[in-house]
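Residue numbers count from 1 along this sequence. Only this structure's heavy atoms are used, side chains among them; waters, hydrogens and symmetry mates stay out.
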Amino acid sequence: MATQILICDDSAMARKQMARSLPPEWEVEVNYAANGQEGVTAIREGKGEIVFLDLNMPVMDGYQVLTQVQQQDLPAMIIVVSGDIQAKAHERVKALGAIDFIQKPVNLDAIRTLLINYGILMPEETPVVEQTEQLAKADDDSPFVKVDLRDACQEVANVAMGQAADLLAKLLDVFVKLPIPNVNVLETSELTMALKSVEHESKASALCQGFIAAGVAGEALLMFYDGSFEEMAELMGLDNPRDPDTEIEVLMDTGNVLVGAFLRGVFEQLHMSYSQSHPVVLGRHCNVSELINARINKWQRTLAMEINYQIESYNIRCDLLLLFTEDSIPTLNTKLSYLLD
């Protein structure tokens with residue numbers, strides 16, 4: 001009898017990658033959920049004996065799903081599959097009952113090894129051709145695995161975001177709260193209206209850093225909110241946290257970590273080499289819209305990735321904004337299409 005598998009992730013690309021990474025010798029029936037609430041419902045309906053669960057999702061996130069399953073004693077073995085690779089994230093999901101953690105992007109060998117280690121899959125099992133054909137058909141027909149390029153770009157941003165957060169968390173011994181990335185292709189005149197960061201209406205300081213690859217170019221903006229400088233300086237062990245020079249040091253050091261790791265994460269997934277310019281302070285103690293508008297007047301259209309980073313238990317918040325030029329979009333479409341095949 002086929003095992004009921006549930007893949008719970010808000011990204012259609014991630015659901016597709018996960019389904020295609022299941023061992024072909026494993027006799028399963030695959031079910032899908034696009035958020036945690038749908039996932040809990042599917043588990044209650046018996047569609048999730050084994051669950052592959054993302055953490056960052058709308059409506060109900062992965063932590064909330066784990067809490068519901070634990071509190072209601074629902075019959076599910078949960079494996080977290082996430083781009084949030086912080087050690088504290090691993091600890092928290094294990095405490096909430098997850099049996100293990102797989103880092104995105106997933107691959108067949110890692111999943112097979114994990115399943116064998118837990119006795120879910122026997123190493124001597126032979127391939128089940130019917131199951132493989134069923135998965136291929138589900139990839140083509142199910143509304144839960146139809147992937148568009150914006151969704152693919154958001155998943156790439158999600159993985160890169162987790163890598164950058166993990167580096168910052170290790171350096172400062174903190175837990176970085178991660179959002180769902182905000183990804184849009186916009187006219188530059190619409191950009192400030194679409195950004196979540198503008199909603200905060202606080203003043204910020206910012207640095208910008210250009211990047212270029214074959215057929216791709218753009219700029220990364222890191223916006224660090226004024227109320228965050230003092231606590232961040234203390235976490236970094238810097239003297240005179242209110243000194244203007246210390247603010248610049250905080251801005252530059254944070255930018256080196258977040259911008260560098262995020263760009264590396266994006267371009268590694270796209271299998272592209274790239275280079276980046278030296279960071280430049282764009283402005284200090286300005287409105288967010290002023291900082292953004294200072295860099296985008298030369299473009300008509302952009303693909304924008306926005307990540308809002310917050311450090312748990314501290315009043316520290318900064319936004320990372322990647323702006324790709326309009327000329328970059330065809331190349332990005334081509335590269336992302338390869339990830340979907």
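- Residues satisfying the side chain to side chain donor-acceptor pair (under 3.5 Å) criterion with Arg92, sequence neighbours excluded, are Glu312.
- Gln86 and Asp84 share a side-chain donor-acceptor pair at under 3.5 Å.
- Counting heavy atoms from C-beta on, the side chains of Ile307 and Pro179 come closer than 4.5 Å.
- Closest approach of Val183 to Ala157, counting heavy atoms only: CG2-CB, 4.4 Å.
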Name each donor-acceptor pair under 3.5 Å that joins a side chain in residues 110-120 to protein atoms two or more places apart or in another chain, with its distance.
{"residue": "Arg112", "atom": "NE", "partner": "Glu25", "partner atom": "OE2", "Å": "2.7"}
{"residue": "Arg112", "atom": "NH2", "partner": "Glu25", "partner atom": "OE1", "Å": "3.0"}
{"residue": "Arg112", "atom": "NH2", "partner": "Glu25", "partner atom": "OE2", "Å": "3.2"}
{"residue": "Thr113", "atom": "OG1", "partner": "Asp109", "partner atom": "O", "Å": "2.9"}
{"residue": "Asn117", "atom": "ND2", "partner": "Thr113", "partner atom": "O", "Å": "3.3"}
{"residue": "Tyr118", "atom": "OH", "partner": "Ile99", "partner atom": "O", "Å": "2.7"}
{"residue": "Tyr118", "atom": "OH", "partner": "Asp100", "partner atom": "OD2", "Å": "2.9"}

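- A 4.5 Å side-chain heavy-atom check between Val106 and Arg20 finds every atom pair outside the cut-off.
- In this structure, the ring of Tyr274 has its center less than 6.0 angstrom from the ring center of Phe267.
- In this structure, Leu53 and Ile79 have side chains that are not in contact, with every pair of non-hydrogen atoms separated by 4.5 Å or more.
- Taking the six-membered ring for Trp, Phe211 and Phe324 have ring centres closer than 6.0 Å.
- Using a cut-off of 4.0 Å between Lys/Arg side-chain N and Asp/Glu carboxylate O, Arg317 and Asp226 are scored as not salt-bridged.
- Side chain to side chain, Glu247 and His285 meet the donor-acceptor criterion of an N or O pair below 3.5 Å.
- With sequence neighbours left out, the side chain to side chain donor-acceptor pair (under 3.5 Å) criterion links Gln310 to no other residue.
- Side-chain contact annotation: Gln4 with Glu29, donor-acceptor N/O pair under 3.5 Å present.
- Nearest heavy atom pair, residue Arg264 against residue Leu167, reads NH2-CD2, 4.4 Å.
- Contact annotation: the side chain of Leu6 never approaches that of Glu49 to less than 4.5 Å [non-hydrogen atoms, C-beta and beyond].
- In this structure, Phe101 and His90 have parallel ring planes: the angle between them is below the 30° cut-off, well short of the 60° mark.
- Residues Asn308 and Asp319 bring a donor and an acceptor atom of their side chains to less than 3.5 Å of each other.
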